[in-house]
2 protein chains.
Amino acid sequence: MEMTLKRRETMHRLCGKGLEIFHAKGYYNTSLDDILNELSLSKGAFYHHFKSKEDYFINIVQNLIVQKVYALLIEPLNTNENPLPVIIESLENALDPGKKNEMAYGFMLNDFLTEFNKRNEEISSQLKEIINVWEVNLVSLLKKGKLDGHIARHVDCEGVATYIIASYLGMRSLLMDSSNKQLRYQYIQQLKQYFNSIAAHHVAA
Amino acid sequence: MEMTLKRRETMHRLCGKGLEIFHAKGYYNTSLDDILNELSLSKGAFYHHFKSKEDYFINIVQNLIVQKVYALLIEPLNTNENPLPVIIESLENALDPGKKNEMAYGFMLNDFLTEFNKRNEEISSQLKEIINVWEVNLVSLLKKGKLDGHIARHVDCEGVATYIIASYLGMRSLLMDSSNKQLRYQYIQQLKQYFNSIAAHHVAA
DNA sequence: CCTTGAACCGACCCACAAGTCGGTTTGTTT
DNA sequence: AAACAAACCGACTTGTGGGTCGGTTCAAGG
């Protein structure tokens with residue numbers, strides 16, 4: 001079993017560094033050697049563990065991106081509280097690159113979605129599936145929030161979920177490289193404004 | 001001057017077909033031969049008119065993309081009416097691919113912005129500049145709308161402009177290939193909801 | 001030790017795409 | 001019709017990057 005451990009460790013290193021560089025420079029703009037040089041590994045080592053560059057990236061999607069999106073954007077939705085502040089907080093969190101100097105995971109989805117769209121059906125559909133799961137969870141939380149009297153009855157929960165996702169993904173194109181604090185603040189503020197308009201407003205007791 | 005006319009016509013054909021294919025398959029995923037074969041032109045013809053693939057695309061940006069974005073998204077903002085319906089209409093218009101079977105120009109910006117980000121500073125900054133002009137015009141229209149009593153006084157016009165742009169760009173990632181009517185409708189509906197929350201609500205006369 | 005196989009090496013192959021260049025065609029001018 | 005240049009052709013060069021493959025290293029079991 002010692003062998004298996006070594007294998008796992010090398011694959012893990014490859015995936016981690018791969019995501020870092022793919023995210024920074026784009027998948028098609030990054031050669032395997034770019035990554036292998038950084039890790040002092042060879043083509044031989046790479047193809048011993050992965051059957052192709054595509055297979056490699058699918059591993060990265062499934063093992064790293066999916067996990068991170070779930071942790072940042074989907075699991076926080078599993079709550080019984082008022083949905084709107086919870087959603088705000090999860091988005092604020094996901095857009096914050098400051099946490100432990102980590103990568104800005106919030107940005108990856110839109111980047112990769114756009115890059116693989118029309119070019120690699122397999123990867124593209126896996127990324128869309130992530131968005132889809134997110135949307136389903138948003139909708140279900142919003143509907144619960146409606147039942148609990150946090151959200152106005154007239155609201156179209158699917159439409160709201162779509163709008164949240166669109167604005168979130170779109171922030172990526174605006175923020176670009178610069179982790180512009182001003183833009184993030186504006187975004188969150190307007191989201192709150194919007195949420196205020198779909199919240200149920202009870203008569204003060 | 002007959003020569004110059006021929007030159008212009010060939011360059012125009014190249015740019016038109018180029019935009020079409022670049023938009024469909026992505027810039028880096030499209031070879032010059034892909035385009036030249038479609039037009040039955042040769043490498044020699046191409047390099048007689050453009051000095052590089054990059055120079056070619058910059059031509060496309062300046063002559064086609066800029067024009068289209070101005071026509072669809074910026075010029076309609078030059079109005080004295082209530083800004084909010086005007087903005088809605090321009091976005092609805094830009095997202096509609098049905099007009100005369102044209103390309104969906106509304107989708108190009110986010111695609112190309114993402115593709116060139118971190119890979120080609122020159123092209124990237126030209127695309128960002130388009131967004132910037134759009135934003136400036138949105139802000140100025142919103143501020144005028146505030147003075148004219150159409151928009152509530154507490155509203156942060158810069159924030160609203162940012163939010164509009166983000167949600168618009170983000171729709172691209174959701175709509176993808178499918179020109180999904182449902183998603184477009186949801187988007188416009190939620191945008192109206194949001195706009196309703198920033199509109200000035202006068203007491204009925 | 002010796003064998004066995006997983007992990008790894010790196011030179012090489014091959015396909016593809018940007019860009020070059022010497023040449024041919026086409027149209028205009030005199 | 002001769003001359004000249006713009007428009008165009010297409011084989012070629014060059015660089016790059018994914019993928020291959022015969023070999024070497026090394027650790028574990030007999």
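Note on naming: letters A, B, ... go to the chains in the order of the sequence lines (proteins, then strands), and numbering restarts at 1 for each one.
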Distance test, side-chain N/O of [X] to OP1/OP2 of [N], below 4.0 Å:
{"X": "B/Thr10", "N": "D/dA7", "result": "no"}
{"X": "A/Arg7", "N": "C/dA6", "result": "no"}
{"X": "B/His49", "N": "D/dA6", "result": "no"}

The side chain of [X] is closest to which nucleotide in this list: [options]?
{"X": "A/Lys43", "options": "D/dT20, C/dA6, D/dC8", "value": "D/dT20"}
{"X": "A/Ala45", "options": "D/dA7, C/dC8, D/dG18", "value": "C/dC8"}
{"X": "B/His48", "options": "D/dA6, D/dC9, C/dC8", "value": "D/dA6"}
{"X": "B/Ser31", "options": "C/dA7, C/dC9, C/dA18", "value": "C/dA18"}
{"X": "A/Ser52", "options": "C/dT20, D/dG19, C/dC8", "value": "D/dG19"}
{"X": "A/Ser42", "options": "C/dG10, D/dC8, D/dG17", "value": "C/dG10"}

Between [N] ([atom2]) and [X] ([atom1]): distance, integer Å:
{"X": "A/Tyr27", "N": "D/dG17", "atom1": "OH", "atom2": "P", "result": "14 Å"}
{"X": "B/Tyr56", "N": "C/dA17", "atom1": "OH", "atom2": "P", "result": "15 Å"}
{"X": "A/Phe50", "N": "C/dC8", "atom1": "CZ", "atom2": "P", "result": "11 Å"}
{"X": "A/Leu32", "N": "C/dC14", "atom1": "CG", "atom2": "P", "result": "19 Å"}
{"X": "B/Asp33", "N": "C/dA15", "atom1": "CG", "atom2": "C1'", "result": "13 Å"}
{"X": "A/Leu36", "N": "C/dA7", "atom1": "CG", "atom2": "C1'", "result": "14 Å"}
{"X": "A/Leu41", "N": "C/dG10", "atom1": "CG", "atom2": "P", "result": "11 Å"}
{"X": "B/Phe46", "N": "D/dA6", "atom1": "CZ", "atom2": "C1'", "result": "18 Å"}

**OP:** Specify the closest pair of heavy atoms between B/Asn80 and B/Asp148, including all atoms of both residues, with the distance to one decimal.
**Re:** O-OD2, 4.2 Å
**OP:** Assign the ring pair A/Tyr163 / B/Tyr194 to parallel, tilted or perpendicular, where the plane angle (0 to 90°) is split at 30° and 60°.
**Re:** tilted
Between [X] and [Y] (salt bridge meaning N to carboxylate O under 4.0 Å), is one present in this structure?
{"X": "A/Glu115", "Y": "B/Arg119", "answer": "yes"}
{"X": "A/Lys6", "Y": "A/Glu9", "answer": "no"}
{"X": "B/Lys143", "Y": "B/Glu158", "answer": "yes"}

**OP:** By nearest nucleotide on DNA chain D, pick out whichever of A/Asn29 and A/Gly44 is the more 5' one.
**Re:** A/Asn29
